[in-house]
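Remarks on the structure that follows.
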There are 2 protein chains.
Amino acid sequence: MRSHCYAGPVPRKVDIDAQRADLAGAVLRLAARSGLEAVSLREVAAEAGVSMGRVQHYFRTKEEMLLHGVRLAMRRIDARIGERLQCLPDEASPEQILRAAIDELLGDHPETNQVIRASVAYYARAQVNAEVFEVLFGDDDELRGLAALVVRTAQADGRADTGLDPAQEGYIIWSLADSLGVKVAFGQTTSERARATMHYHLDRVLGCGAHPGV
Amino acid sequence: MRSHCYAGPVPRKVDIDAQRADLAGAVLRLAARSGLEAVSLREVAAEAGVSMGRVQHYFRTKEEMLLHGVRLAMRRIDARIGERLQCLPDEASPEQILRAAIDELLGDHPETNQVIRASVAYYARAQVNAEVFEVLFGDDDELRGLAALVVRTAQADGRADTGLDPAQEGYIIWSLADSLGVKVAFGQTTSERARATMHYHLDRVLGCGAHPGV
DNA sequence: TCGTTGGCAATGCGATCGCATCGTAAAAGC
DNA sequence: GCTTTTACGATGCGATCGCATTGCCAACGA
């Protein structure tokens, strides 16, 4: 059914990566819905609508299955942010990129929420499994770097206060986006509230609107 | 052994609350170490060094045991913050209270870390169990209120920019403290780094140090 | 055409799960 | 002193766990 037509370089067998991604998607749904406790081989098979033997065929151990799950989660948010960035005009400024990425995190879209909740469910594993830790937290540096760059640019443009520490401000911006994203995903606050707070902060730090430069 | 001497108003039986708190402590240790997946009746009994029958005697169901666990977690942080506040001089300012509370959250003390990690482990349950949700997130409003009060006070004192929105700034302060506390507890950053960022932010918003008022 | 391989489904294993039940020893009340 | 209640420890139940094994079937190479 799924491989009745194909154009890949390996036509003789099914698309292994696609199968694994399908199962990893089921892992994410379960993890987001009720935590990693609910993720068993049988539950994943049932969620994906396949047999348990299939799950075992594509993942040698449960640990490997969970690792593919968290990797898919990160690919999903990257993809969603990437899609949003393609809606921006070419050569968009770093600030536009930053605001677009944060808007996606706080957007309260079901898939974004699912990925965030699933990620949080993996936090405990990150303490035990170094690979999970790396997948979950490894990309933080570049995000902070982007935010710091935006602050520096705003300073160079004379919009932001030159007394600001770009590194600290970048760290604050992403920590804030992180915290608000989790709050939205877990229903502690609304998307509108979170976005309003985030925009308020960015506007103040980056000096948008009626704000006299130094 | 445990009730050879007592002074309570009910001398005829053991201290039920103390027993439950002892078991709930074992729940927290397990949850903080490897998530709620690792919390089973048998594991809790083993962690507490008692029989499984004892655990069942004090908690009718696993759900009830978990609920006592998260309640103990919240009482623990409240107690730790309370202890820290007692080290402050009498009639300490709201700002001193705020800074002390945040310092405790970012202090990287083992017990604080344990409580934070355990709390995060409960996030998934909060979506299913309304009681857990309330225990975990119910106190957010008053914390935000304290932070907002501090901002308003700083504005009244002429230290903080009167253009600031106290409610938004209070929300930002606590979201930031929340995020940084989790990062410290899960080893994403160091206590020193988090505290430096938090103090940097508070000093800027509240206008401490060499900062000209409006 | 035939043997080999990949892609599964099915089944079974020992361990562990939450929970219920039973037994018992000590204390409390009459 | 005798009954009742409290505070457990011990054991067992059916379900589920991760994982290993087995078997079948379609697709491919020779």
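Computed from a predicted model, the values in this text were never measured in an experiment. Just so you know, these numbers use all the heavy atoms, side chains as well, and skip hydrogens, waters and symmetry mates.
Atom NE2 in A:His57 sits roughly 18 Å away from atom P in D:dG23 (whole-Å rounding). Note: CD (A:Glu37) to C1' (C:dT16) measures 15 Å, nearest angstrom. The nearest whole Å value for the distance from the OH atom in B:Tyr58 to the C1' atom in D:dA7 is 6 Å. As a whole-Å value, the separation of B:Arg54 CZ from C:dA26 P is 15 Å.
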Protein-nucleotides 18-20 of chain D N/O pairs under 3.5 Å:
{"from": "D:dG18", "atom 1": "OP1", "to": "A:Lys62", "atom 2": "NZ", "distance (Å)": "2.9"}
{"from": "D:dG18", "atom 1": "OP2", "to": "A:Leu41", "atom 2": "N", "distance (Å)": "3.0"}
{"from": "D:dG18", "atom 1": "N7", "to": "A:Arg42", "atom 2": "NH2", "distance (Å)": "2.5"}
{"from": "D:dG18", "atom 1": "O6", "to": "A:Arg42", "atom 2": "NH2", "distance (Å)": "2.6"}
{"from": "D:dC19", "atom 1": "OP2", "to": "A:Lys62", "atom 2": "N", "distance (Å)": "2.8"}
{"from": "D:dA20", "atom 1": "N7", "to": "A:Gln56", "atom 2": "NE2", "distance (Å)": "3.2"}
{"from": "D:dA20", "atom 1": "N6", "to": "A:Gln56", "atom 2": "OE1", "distance (Å)": "3.0"}

Determine whether A:Asp108 and A:Arg195 satisfy the following criterion, salt bridge (charged side-chain N to carboxylate O under 4.0 Å, His left out), listing intermediate values before the conclusion.
CA-CA 10 Å; A:Asp108 201 27; A:Arg195 279 208 255 222; over 6 Å; no
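The side chain to side chain contact (heavy atoms under 4.5 Å, CB included) test applied to A:Arg75 returns A:Leu72, not counting sequence neighbours. The side chain to side chain contact (heavy atoms under 4.5 Å, CB included) check on A:Glu64 picks up A:Arg20, A:Phe59, A:Arg60, A:Thr61, A:His68, with sequence neighbours excluded.
Between the side chains of A:Arg117 and B:Gln127, at least one donor N or O sits under 3.5 Å from an acceptor N or O.
Both tests hold for B:Arg193 against A:Tyr171: distance to the six-membered ring centre under 6.0 Å, angle to the ring axis within 45°.
Ring geometry, A:Phe137 versus A:Tyr123: the interplanar angle exceeds 60°, so the pair is classed perpendicular (tilted spans 30 to 60°).
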